[in-house]
Trainee: 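Could you have a look at this structure, given as structure tokens, before my questions?
Source: prediction; values computed, not measured.
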Amino acid sequence: MKLNRKFFDRDVLEAAPDLVGKLLVRRMADGSEIRLRITETEAYRGQSDTACHARFGRTKRSAILYRQGGIIYVYLCYGIHWLVNIVTGPEDFPQAALIRACETADGPGKLTKALSIDGQFNGSDITENPFLWIEDDGTRVDIIADKRVGIGYASIEDQNRLWRFKKG
DNA sequence: TTAGTGATATCC
DNA sequence: GATATCACTAAA
């Protein structure tokens with residue numbers, strides 16, 4: 001079943017680990033569908049999280065994070081790679097779950113390339129978008145919590161948070 | 001290990 | 001206006 005608004009209208013620390021094991025579904029322009037099981041996510045939570053894009057407050061880029069749960073946040077990293085996040089929680093509290101990897105694509109850049117996801121999805125609603133959504137097929141998996149990666153600019157306390165969730 | 005790539009944030 | 005930075009990947 002397709003995940004609805006209620007799923008994303010929770011704290012990211014509940015939603016992010018819950019996303020692991022779910023199916024990311026992408027319907028292509030020609031009508032074909034790609035289904036990939038999510039194997040790794042990371043939580044970015046609030047202005048007090050020094051690893052979060054919203055750490056400097058609301059900017060043109062981070063404004064998406066302040067929206068309601070279910071909004072897709074896609075941004076370009078290193079000029080090459082699209083990274084896809086899903087905003088969670090209530091409006092005006094910036095938090096999002098970064099989808100880092102799926103079963104056949106081990107890296108956020110590869111993931112978006114495999115699914116042809118780019119900036120066109122930024123700001124759209126994953127519970128209403130006809131080309132991209134997430135399904136729960138009933139599979140339950142073990143979750144392993146780990147430290148987030150690639151955030152050397154964040155404070156030590158934030159780097160040490162176990163906000164990366166992997167399929168066990 | 002290093003280069004490539006371009007939007008964003010921050011600094012004149 | 002400019003430039004430093006960045007949640008990455010592929011090639012070597």
Trainee: Whole Å only: how far is the NZ atom of A:K113 from the C1' atom of B:dT5?
Mentor: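 Value for this atom pair: 14 Å.
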Trainee: Within a radius of less than 6.0 Å around CZ of A:R37, do more than 12 heavy atoms belonging to other residues, nucleotides or ligands occur?
Mentor: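 It does: A:R37 CZ has more than 12 such atoms within range.
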Trainee: Would you jot down, in residue-number order, the residues of residues 34-62 of chain A having a non-hydrogen atom under 4.0 Å from DNA chain B?
Mentor: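 Contacts with DNA chain B under 4.0 Å: A:F56, A:T59, A:R61.
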Trainee: To the nearest 0.5 Å, what is the distance between OG on A:S116 and CE on A:M28?
Mentor: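 Reported value, rounded in 0.5 Å steps: 3.5 Å.
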Trainee: Measure from NZ or CZ of A:R148 to the centre of the six-membered ring of A:Y44, then state whether that distance is under 6.0 Å and the direction lies within 45° of the axis.
Mentor: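 Geometry flag: set, cation within 6.0 Å and 45°.
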Trainee: Report the distance from atom CD1 of A:I80 to atom C1' of C:dA11, rounded to the nearest whole Å.
Mentor: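 Going from CD1 in A:I80 over to C1' in C:dA11 covers 12 Å.
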Trainee: Would you please name every residue forming a salt bridge (Lys or Arg N to Asp or Glu O under 4.0 Å) with A:D18, sequence neighbours left out?
Mentor: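 Partners of A:D18 by the salt bridge (Lys or Arg N to Asp or Glu O under 4.0 Å) criterion, ordered by chain and then number, come out as A:R10, A:K22.
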Trainee: Are the charged groups of A:R58 and A:D92 less than 4.0 angstrom apart, N to O?
Mentor: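 Judged by the 4.0 Å cut-off on N to carboxylate O distance, A:R58 and A:D92 do form a salt bridge.
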Trainee: Rounding to an integer number of Å, can you tell me how far A:L98 CG sits from C:dC8 C1'?
Mentor: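 So the CG-C1' distance, A:L98 to C:dC8, works out to 11 Å.
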Trainee: For DNA chain C, please output the secondary structure as dot-bracket, reading 5' to 3'. Pairs are Watson-Crick or G-U wobble, both atom distances under 3.5 Å; mark crossing pairs with [ ], other-strand partners with |, unpaired with a dot.
Mentor: ||||||.||||.
Trainee: Could you check whether A:D9 pairs with A:K6 (Lys NZ or Arg NE/NH1/NH2 to Asp/Glu carboxylate O, under 4.0 Å)?
Mentor: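 No, A:D9 and A:K6 are not salt-bridged.
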Trainee: Using whole Å, report how far CG of A:L83 lies from C1' of B:dT8.
Mentor: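 Taking CG of A:L83 and C1' of B:dT8, I get 15 Å after rounding.
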Trainee: Using whole Å, what does the distance between atom C1' of nucleotide B:dT10 and atom OH of A:Y153 come to?
Mentor: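 Those two atoms, OH and C1', are 16 Å apart.
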Trainee: Measure from the side-chain heavy atoms of A:H81 and tell me the nearest of B:dG4, C:dA10, B:dA7.
Mentor: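 Nearest to the side chain of A:H81 among the choices is B:dG4.
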Trainee: Counting only N and O atoms by type, is there a donor-acceptor contact under 3.5 Å from the side chain of A:T50 to the main-chain atoms of A:S155?
Mentor: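 Yes, A:T50 side chain to A:S155 backbone: donor-acceptor pair under 3.5 Å.
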Trainee: How long is the line joining CZ of A:R164 and C1' of C:dC8, in whole Å?
Mentor: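 Nearest whole value for this atom pair: 14 Å.
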Trainee: Rounded to the nearest angstrom, tell me the gap between atom CG in A:L76 and atom P in C:dT9.
Mentor: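 For the pair A:L76 CG and C:dT9 P, the rounded distance is 13 Å.
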Trainee: Among the candidates C:dT9, C:dC8, B:dG6, find the nucleotide nearest to the side-chain atoms of A:Y78.
Mentor: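 For A:Y78, the side-chain atoms sit closest to C:dC8.
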Trainee: NA contact type, A:R100, heavy-atom cut-off 4.0 Å: base, sugar-phosphate, or nothing?
Mentor: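 Sugar-phosphate only.
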Trainee: Answer yes when A:R27 and A:E33 have at least one side-chain N-carboxylate O distance shorter than 4.0 Å, and no when they do not.
Mentor: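 Yes.
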Trainee: Grab the two heavy atoms, one from A:V12 and one from A:A96, that are nearest each other, plus how far apart they are.
Mentor: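 Closest approach of A:V12 to A:A96: CG2-O, 3.4 Å.
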Trainee: Take atom NZ of A:K110 and atom P of C:dA11, then tell me their distance rounded to the nearest Å.
Mentor: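 For the pair A:K110 NZ and C:dA11 P, the rounded distance is 10 Å.
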